[in-house]
Amino acid sequence: MASILLRASLLLAVLLPIPVLFGEFTAYQIGLYLIYGIAAQGIGFLWGKTGVLPLGQAIFFGISAYAGAMSLRFADGLALQLAAAAAIILLLSSAAFVVAFLIFRGRSESGPFFSLITLALAMIAEQTAGTATEFTGGFNGFSGFASIGGLDPFGNLYYVIAAAAVGMSLLLFAINRSPANLIVRAVADNEPRLQLLGYPTHAVKSLAFAFSAASAALAGILFASHQGIVTPTSTGFALSAELVILTAIGGRFHVLGPLIGAVVVGWASAELRFNFPYWELIMAAAFIIVVLRAPGGIAELLDNSFMRFAPNSPRDESARKDAPMPQGRRVAGSLEFDNVHLQAGVVRILNGISFKTPDTGIISVIGPNGAGKTSALNAITGHLRLTSGRIRFVGDRIDSLPPWQALNCGIGRKLQVPSVFKSMSVMENIAVSMLAGRASWTDYFRTRAFAWRSEELSRVLNRRGVPLKNSMEKQVGTLPQGHRQFLEFAMAIASGPSLLLLDEPCAGLSPEETALMSSLIREFQENSGGLVIVIEHDMSIVEATSDKVLVLHQGEVLAFDSYEAVRNDPNVMAVYAGSTK
């Protein structure tokens, strides 16, 4: 909290003296740049964290400016004007959420699609504003209204704009320190893993877009008061593109980056516009260079210098708290495949698989490459849609559910290749998994949730030989393969699933690490009393850990029995040769 207040205080100390030091006209110009910077902060939040780029941010900026101007013309009194402004921001952010939700629902990789839709909406909005003359004044613009509270745009209104910029920055800094920030960042890092942890990523991205729209709406209302006129260009693609450029040059990953970019680019453009006829080419070149060579922008360079004097202190690992119990069902029970067919084009992946597991124990799934082992797990977690058949867990059908619903059914999963959040630290990866299925809305904004630990997770982290406890602050992308295997296993069991799906958990591990992982799997099953399904190629691991073995071949069940029975099955012997590491 101290570092947040320090940054906000420094920003306030820079902005407040500008009218006194440089005069009212300069303050008027800086005020306009700050307004654009506030709108760009919303782009920075969405683009920098989720990786989704909105190309039509001016829609909310312009519509809010028009609506704000109309309210200022007809609303009497500051209280009514503020209420109208709040209503405008709420309505536009709600509309943004609905639009994004419709786009992202059912589509995990829809970023470019989303960007193009926002671009089209901006073009439509500009055309509409230019032709609806009875409401917007057409291309001549909407004018004839006073500024909010009757403040002078060349006087006290500057301090309102500066306060809004500081307030928005404070809010973003606070979000950056909260668990919610991890969830939003995780979308860009590894959306499929986030879904398997139980997060509806379409809703996460929609909320981020709604926040982005709210910042643009706030800026639009200030813009109307500041300029005294609103024209169709306030809703169009040109302004949207300019806001993206400001965000990129200033730094989309930093709270103050868009503000810095807006002031720097705005001031440079004002100077170049009258002295260099091709000044726009310079701005375009600067944007390209930043995107390709310095994605962190100006703010990253400044922040690196700042951190030398105020470094982040690591969180105290000794101050851990027991996590709340997971919400929803965590009942152990059997898994049943009923004549499951899965086909892609003419290729048959699963060909009438039927089996029913016990309620508890460890089931090893073996078979040659291409037998359908991983595809069967993908069908359980909703990554593959069945051609026909049913999959039931604890009596309930689960094959029609999306991946993010797996956790709600009590299913945890580790993928074939370690799937973790590589740009985050080990501690942050663990925090994301601990929040899953446990956190209420308010918990996502409470730093104490960082300290949550479940009994299952603590047992793994404290186990001798597990290489995670001393690497909490390390970025996961720098860790070796074995460390990532243990980390993903820890994340998969953090919620205490009653059905744990493990796809080659020992791949890439040394013999000692393999023995440790096998022991952890067995201990988890015994302590939880649940069902564990493991895909494994090492027969020594299968023999040591399995209660039953499921053999798949060409998308069909070849055998399902004890290890001894399967090993002596003539059909299995004909198609499968066991091996050890």
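Nothing here was measured: the structure is a model prediction, and the numbers come from that model.
- A donor-acceptor pair under 3.5 Å is absent between the side-chain atoms of T447 and the main chain of S178, judged by distance alone.
- Heavy atoms of other residues, nucleotides or ligands lying less than 6.0 angstrom from CZ of R522 number more than 12.
- Side chain of R390 to main chain of D399: no donor-acceptor pair is present (N/O by atom type, distance under 3.5 Å, no hydrogens or angles).
- Of the listed residues (I366, L500, L502), just one forms a side chain to side chain contact (heavy atoms under 4.5 Å, CB included) with V534, and that residue is L502.
- Evaluation of the side chain to side chain donor-acceptor pair (under 3.5 Å) rule for S419 yields N190 as partners, not counting sequence neighbours.
- Residues forming a ring pair (Phe, Tyr, Trp, His ring centres under 6.0 Å) with F97 (at least two apart in sequence, or on another chain): F101.
- Checked against the 6.0 Å centroid criterion, the rings of F114 and F209 qualify as a close aromatic pair.
- Of the possible polar contacts, one joining the Q485 side chain to the A507 backbone as a donor-acceptor pair under 3.5 Å is found.
- Remark: the backbone N or O of S425 is paired with a side-chain donor or acceptor of E428 at under 3.5 angstrom.
- Residue R484 comes nearest to P418 through the heavy atom pair CB-CB, 3.8 Å, listed as atom of the first residue, atom of the second, then distance.
- For P258 against G251, the heavy-atom pair with the smallest separation is CD-O, 3.5 Å.
- Within the 4.5 Å cutoff, no side-chain heavy atoms of T545 are placed close to those of I521.
- Note: L243 CG to L55 CG = 11.0 Å, rounded to the nearest 0.5 Å.
- Side-chain contact between V466 and L520 is present, with at least one heavy-atom pair separated by less than 4.5 Å.
- Under the side chain to side chain donor-acceptor pair (under 3.5 Å) criterion, E504 pairs with Q416, H537, sequence neighbours left out.
- Within the 4.5 Å cutoff, the side chain of F421 has no heavy atoms near those of the V476 side chain.
- At least one donor-acceptor pair closer than 3.5 Å links the side chain of D189 to the backbone N or O of K422.
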Task: Candidate pair I183 and V187, rule side chain to side chain contact (heavy atoms under 4.5 Å, CB included), full reasoning - done: CA-CA 7 Å; I183 310 305; V187 172; 5.6 Å; no
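- Applying the ring pair (Phe, Tyr, Trp, His ring centres under 6.0 Å) test to W47 and every residue at least two apart in sequence or in another chain returns nothing.
- Side chains of W452 and L435 form a contact here, defined as non-hydrogen atoms less than 4.5 Å apart.
- Taking all atoms of both residues into account, the shortest heavy-atom contact from G372 to L350 is O-CD2, 3.6 Å.
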Less than 3.5 Å apart, which donor and acceptor atoms pair up between the side chains of residues 546-553 and the rest of the protein, not counting sequence neighbours?
unit_1	atom_1	unit_2	atom_2	d
S546	OG	S364	OG	2.4
S546	OG	V542	O	2.6
D547	OD2	I362	N	2.7

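- Taking CG from L509 and CD from Q481, the interatomic distance works out to 7.5 Å, rounded to the nearest 0.5 Å.
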Task: Candidate pair S240 and L119, rule side chain to side chain contact (heavy atoms under 4.5 Å, CB included), full reasoning - done: CA-CA 8 Å; S240 295; L119 169 61; over 6 Å; no
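- Not a single ring pair (Phe, Tyr, Trp, His ring centres under 6.0 Å) links Y199 to another residue, sequence neighbours left out.
- Residues that satisfy the salt bridge (Lys or Arg N to Asp or Glu O under 4.0 Å) test with R463, not counting sequence neighbours, are E523.
- Without hydrogens or angle criteria, S115 side chain to L53 main chain gives a donor-acceptor distance under 3.5 Å.
- Atom-to-atom distance recorded for N351:CG and N339:CG is 9.0 Å, nearest 0.5 angstrom.
- For the side chain to side chain donor-acceptor pair (under 3.5 Å) test, residues two or more places apart in sequence or in another chain that qualify with E488 are R193, K414.
- Every side-chain contact (heavy atoms from CB on, under 4.5 Å) that D359 has, sequence neighbours left out, goes to S334.
- How far CZ of R464 is from CG of L516: 11.0 Å, rounded to the nearest 0.5 Å.
- Not a single donor-acceptor pair under 3.5 Å links the side chain of R446 to the backbone N or O of P179.
- Rounding to the nearest 0.5 Å places CG of L182 at 13.5 Å from CE of M434.
- No donor-acceptor pair closer than 3.5 Å links the side chain of S212 to the backbone N or O of A208.
- Between A100 and S206, the closest heavy-atom pair is C-OG, 3.3 Å.
- Between N527 and E456 there is no side-chain heavy-atom pair separated by less than 4.5 Å.
- The salt bridge (Lys or Arg N to Asp or Glu O under 4.0 Å) pairs that include a residue from residues 555-573 are E564-R567, where partners are two or more places apart or lie in different chains.
- Scored by the side chain to side chain donor-acceptor pair (under 3.5 Å) test, E455 finds R459 as partners (sequence neighbours excluded).
- The shortest distance between side-chain heavy atoms of I380 and F337 falls below 4.5 Å.
- S354 places none of its side-chain heavy atoms less than 4.5 Å from the side chain of V557.
- In this structure, the side chain of T201 does not engage the main chain of Q195 through any donor-acceptor pair within 3.5 Å.
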TODO: Evaluate the criterion side chain to side chain contact (heavy atoms under 4.5 Å, CB included) for residue pair K49 and N176; output intermediate values, then yes/no.
DONE: CA-CA 10 Å; K49 295 187 184 301; N176 281 355; 2.8 Å; yes
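- Using a distance-only test at 3.5 Å, with no hydrogens or angles considered, a donor-acceptor pair links the side chain of T357 to the main chain of L335.
- Contact annotation: the side chain of L468 never approaches that of S471 to less than 4.5 Å [non-hydrogen atoms, C-beta and beyond].
- Listed by chain and residue number, F355 satisfy the ring pair (Phe, Tyr, Trp, His ring centres under 6.0 Å) test with F560 (two or more places apart in sequence, or in another chain).
- Across S400 and R385, no two heavy atoms sit closer than the pair O-NH1, 3.0 Å.
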TODO: List the steps, then state whether side chain to side chain contact (heavy atoms under 4.5 Å, CB included) holds for I398 with T381.
DONE: CA-CA 8 Å; I398 62 172; T381 54; over 6 Å; no
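- With rounding to the nearest 0.5 Å, the separation of CG in L487 from CG in L479 is 7.5 Å.
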Task: Test side-chain hydrogen bond (donor to acceptor under 3.5 Å, both in side chains) applied to N378 and R413, step by step - done: CA-CA 10 Å; N378 285 336; R413 185 176 179 188; 2.8 Å; yes
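- Of all non-hydrogen atoms in G530 and A332, the two that sit nearest each other are CA-CB, 4.1 Å.
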